[in-house]
Amino acid sequence: MPNGADRIAGEQVILHSTRRIHAGTYRCEEERNTTLYKDITVNVAYGPEIYVQKITVQNNGSVLVHLVCQVEGFPAVFISWWREESLLTRLDQAITSGSLAYSIEHPVKEDAGTYTCVVHNTVTLHKYIVISGVELFQMDAGNEASLHTERRILLFIMFFLFLI
């Protein structure tokens, strides 16, 4: 039960300040006959949680960059990657948990810019995580793209919450 007890006597249970940990199935049983019961499922709506990472793969002088946006939320979340004002990729269906990656093969100087993972559901209108700027790629003397270290990537988190 929400208070940590195995059972609560009475005809009702009231959840105050409901959080994700309160989601689940609760069973209401007849006190004198436990074979009479009804299961009640409680869903807790919450805005998307986002984790963004940049994965770099180097193999025989070739570079591949994956920008990965992992999300979890309820109700289901819509997710997309943008560069500046252009849509790069999106999932066609909303998900409650999963990820969307955008990959850049053989990055060049022109690939530098602001990459944004945009996610939203009915609880949170928009949530952005941005991987930004010229720091993303750097041309070396051999005219091949090389990546700056992770610590030079700027991560910004902005939340636009829907006020109930």
Side-chain angles (χ1 to χ4, degrees), residues 2-4 15-26 40-164:
N3 66 357
L15 304 176
H16 296 282
S17 302
T18 307
R19 297 181 307 192
R20 288 179 54 194
I21 61 170
H22 297 121
T25 302
Y26 294 85
I40 299 169
T41 300
V42 174
N43 293 312
V44 178
Y46 59 96
E49 294 182 359
I50 306 173
Y51 174 71
V52 172
Q53 68 184 116
K54 176 183 66 74
I55 302 170
T56 306
V57 179
Q58 295 181 345
N59 187 16
N60 295 331
S62 178
V63 176
L64 179 62
V65 176
H66 298 286
L67 303 177
V68 182
C69 185
Q70 293 178 299
V71 298
E72 184 177 325
F74 184 84
V77 176
F78 292 94
I79 179 173
S80 57
W81 271 108
W82 294 74
R83 178 169 182 223
E84 313 304 336
E85 299 295 320
S86 299
L87 175 66
L88 300 171
T89 187
R90 70 175 181 192
L91 289 180
D92 291 330
Q93 294 182 319
I95 58 174
T96 55
S97 180
S99 64
L100 177 64
Y102 178 72
S103 299
I104 305 167
E105 284 189 62
H106 312 293
V108 294
K109 188 175 184 178
E110 289 76 25
D111 290 321
T114 300
Y115 292 82
T116 308
C117 176
V118 177
V119 301
H120 62 94
N121 66 7
T122 57
V123 176
T124 302
L125 292 181
H126 287 92
K127 219 177 204 184
Y128 300 86
I129 299 230
V130 179
I131 298 179
S132 179
V134 180
E135 294 86 4
L136 189 59
F137 302 100
Q138 167 187 328
M139 298 302 290
D140 63 19
N143 204 28
E144 291 184 11
S146 63
L147 294 167
H148 280 268
T149 58
E150 285 289 324
R151 60 185 154 76
R152 297 199 59 198
I153 295 226
L154 304 176
L155 291 178
F156 299 96
I157 303 175
M158 298 178 286
F159 302 93
F160 295 95
L161 298 177
F162 178 72
L163 300 176
I164 298 174

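Note that the structure is predicted; figures quoted are calculated from it, not measured.
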Check your understanding: When you look at His66 and Val57, which way does the side-chain contact (heavy atoms from CB on, under 4.5 Å) test go after all the steps?
Key -> CA-CA 8 Å; His66 298 286; Val57 179; 4.3 Å; yes
### Message
Assess the residue pair Lys54 and Val65 against the criterion (side-chain contact (heavy atoms from CB on, under 4.5 Å)); give the C-alpha distance rounded to whole Å, side-chain angles, the decisive distance to 0.1 Å, and a yes or no.
### Response
CA-CA 7 Å; Lys54 176 183 66 74; Val65 176; 3.9 Å; yes
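For the residue pair Cys117 and Val52, the shortest heavy atom distance occurs at CB-CG2, 4.3 Å. The nearest pair of heavy atoms linking Pro75 to Asn121 is O-ND2, 3.0 Å. Nearest approach of Ala76 to Thr96, heavy atoms of both residues: CA-CG2, 4.0 Å. Glu105 and Leu64 get closest at one heavy-atom pair: CG-CD1, 3.3 Å. When all heavy atoms of Ala101 and Thr89 are compared, the closest pair comes out as O-CG2, 4.0 Å. Between Ser80 and Leu87 the shortest heavy-atom distance is CB-CD1, 3.8 Å.
For the atom pair CD1 (Ile79) and CG (Leu91), the distance works out to 6.0 Å, reported to the nearest 0.5 Å. Taken from OG1 in Thr114 to CH2 in Trp82, the straight-line distance is 14.0 Å, to the nearest 0.5 Å. Here CG of Leu88 is found 4.5 Å from OH of Tyr102. Values are rounded to the nearest 0.5 Å. Between Gln70 atom CD and Ile95 atom CD1 the span is 10.0 Å, to the nearest 0.5 Å.
Side-chain atoms of His106 and Ser62, non-hydrogen and from C-beta on, do get closer than 4.5 Å to each other.
Pairs passing the salt bridge (charged side-chain N to carboxylate O under 4.0 Å, His left out) check and including a residue from residues 78-91, sequence neighbours excluded, read Arg90-Asp92. Among residues at least two apart or in separate chains, salt bridge (charged side-chain N to carboxylate O under 4.0 Å, His left out) pairs with a member in residues 56-72 are Arg20-Glu72.
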